[in-house]
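Here the structure is laid out as structure tokens; the discussion comes afterwards.
This chain uses plain numbering: 1 for the first residue, then up along the sequence. Below, all heavy atoms of this structure are taken into account, side chains as well, without hydrogens, waters or symmetry copies.
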Amino acid sequence: MGAIHLVRHGQASFGSGDYDRLSETGHLQARLTGRDMAARGLRPDVVIHGGLRRQRETAQGLVEGLREGLGEDLGEGAGWDCPVECDDRWAEYDADEVLTAARAAGVSAGHATLDSAGSSGEAKQAFQRQLDAALGHWAGLEAFETYRAAADAAIADAAARSGSGRTTVVVSSAGTISLAVAGLLADPEGVVGLWTRLQRVTVNTGVARVVVGRGGMTCIAVNEHQHLERAAGPEDPRGLITLR
């Protein structure tokens, strides 16, 4: 049986003027994810990331963490290696395009973007409310069907590479991971509803696990983030948990 680990990127730079780069916390989350994988005995055969900068930087940090963890635990860090590849199908939908389409249809009146929105908790919540309304509209458009087809094809190709005993790690974003997972967990008519709910709560570097067997793919875990709680410690277990 093979395995696919779907990892959301680390915390990006919301409200900074350049969302598509990791914050300091995001870089730490990425390395902690890799170190946790090493501690659990994972040796990925391939790491795939989407084409966005925040996804690439997370993949790089994850691999660094794996090497660090393997070196400390087993002395294997210098000897372990695996290919790191880019697959643009794992990129995220363009939130600004989704919002623009909703405004044009009169669904949303807000004007914030990922780069221009404020960085406060209140600003993040306001942006999320706008995005939730806009996604409901966008899910009925042809652009969503194209996005969904790409996500379905991407996870099918990852499964084809995850034969018996092989492990594929994919670094993507909340929307694309949630859509791939919803396609495995929900009935066809329930995919969009589950997709919108999952992406809203998927934490940065949260991990969904999919096993690949003769019967196809089975999602056995969603949004795992114990590695962040352990690293933060018992006094503040949520200290490293972020949503945006």
Exercise for the section: List the steps and the verdict of side chain to side chain donor-acceptor pair (under 3.5 Å) for His227 and Thr205. Expected result: CA-CA 9 Å; His227 59 290; Thr205 66; 3.2 Å; yes

Fill in the blank from the handout: Applied to residues 23-32, the side chain to side chain donor-acceptor pair (under 3.5 Å) test, sequence neighbours excluded, yields Gln11-Ser23, Gln29-Thr242

Exercise for the section: Run through Ile48, Val47, Leu6 and flag the one making a side-chain contact (heavy atoms from CB on, under 4.5 Å) with Thr168. Expected result: Ile48

Completion exercise
Residues pairing under salt bridge (charged side-chain N to carboxylate O under 4.0 Å, His left out) where one sits in residues 211-226, two or more places apart or in two chains, turn out to be Arg209-Glu224

Exercise for the section: Tell me, please, which residues at least two apart from Trp90 pass ring-ring contact (aromatic ring centres under 6.0 Å, His included). Expected result: none

Exercise for the section: Scan for ring pair (Phe, Tyr, Trp, His ring centres under 6.0 Å) pairs involving residues 160-189, sequence neighbours excluded, and state none if there are none. Expected result: none

Handout entry: Leu42 with Leu62, same ILVMFWY side-chain cluster at under 4.5 Å
Key = yes

Exercise for the section: Consider only side-chain heavy atoms of I, L, V, M, F, W and Y, link residues closer than 4.5 Å, and tell whether Leu185 and Ile177 are in one cluster. Expected result: yes

Practice task
Supply the members, apart from Val211, of the Ile/Leu/Val/Met/Phe/Trp/Tyr cluster built from side-chain contacts under 4.5 Å; use none for a lone residue.
Solution key: Met1, Ile220

Practice task
With sequence neighbours excluded, tell me which residues meet salt bridge (charged side-chain N to carboxylate O under 4.0 Å, His left out) with Asp45.
Solution key: Arg166

Problem - Contact list for residues 154-195, test ring pair (Phe, Tyr, Trp, His ring centres under 6.0 Å), sequence neighbours left out - result: Phe144-Trp195

Exercise for the section: Could you tell me whether the side chain of Arg43 reaches within less than 4.5 Å of the side chain of Leu70, counting heavy atoms only? Expected result: yes

Can you give me every donor-acceptor pair (side chain of residues 146-157, partner residue at least two apart or in another chain, under 3.5 Å) with its distance?
residue, atom, partner, partner atom, Å
Thr146, OG1, Glu142, O, 3.3
Tyr147, OH, Glu92, OE1, 3.1
Tyr147, OH, Gly175, O, 3.3
Tyr147, OH, Thr176, N, 2.9
Tyr147, OH, Thr176, OG1, 3.0
Asp157, OD2, Arg89, NH1, 2.9
Asp157, OD2, Arg89, NH2, 2.8

Handout entry: Sequence-distant partners of Asp132, salt bridge (charged side-chain N to carboxylate O under 4.0 Å, His left out), two or more places apart
Key = Arg200

Practice task
Sequence neighbours left out, what passes salt bridge (charged side-chain N to carboxylate O under 4.0 Å, His left out) with Arg161? Give chain and number order.
Solution key: Glu85

Exercise for the section: Using the six-membered ring wherever Trp is involved, compare the ring planes of Tyr93 and Trp138 and label them parallel, tilted or perpendicular (cut-offs 30° and 60°). Expected result: tilted

Fill in the blank from the handout: Applying salt bridge (charged side-chain N to carboxylate O under 4.0 Å, His left out) to Arg53 and not counting sequence neighbours gives Asp18, Glu57

Practice task
List the steps and the verdict of side chain to side chain donor-acceptor pair (under 3.5 Å) for Arg54 and His9.
Solution key: CA-CA 6 Å; Arg54 60 188 183 271; His9 61 78; 3.2 Å; yes

Problem - Contact list for residues 174-199, test salt bridge (charged side-chain N to carboxylate O under 4.0 Å, His left out), sequence neighbours left out - result: none

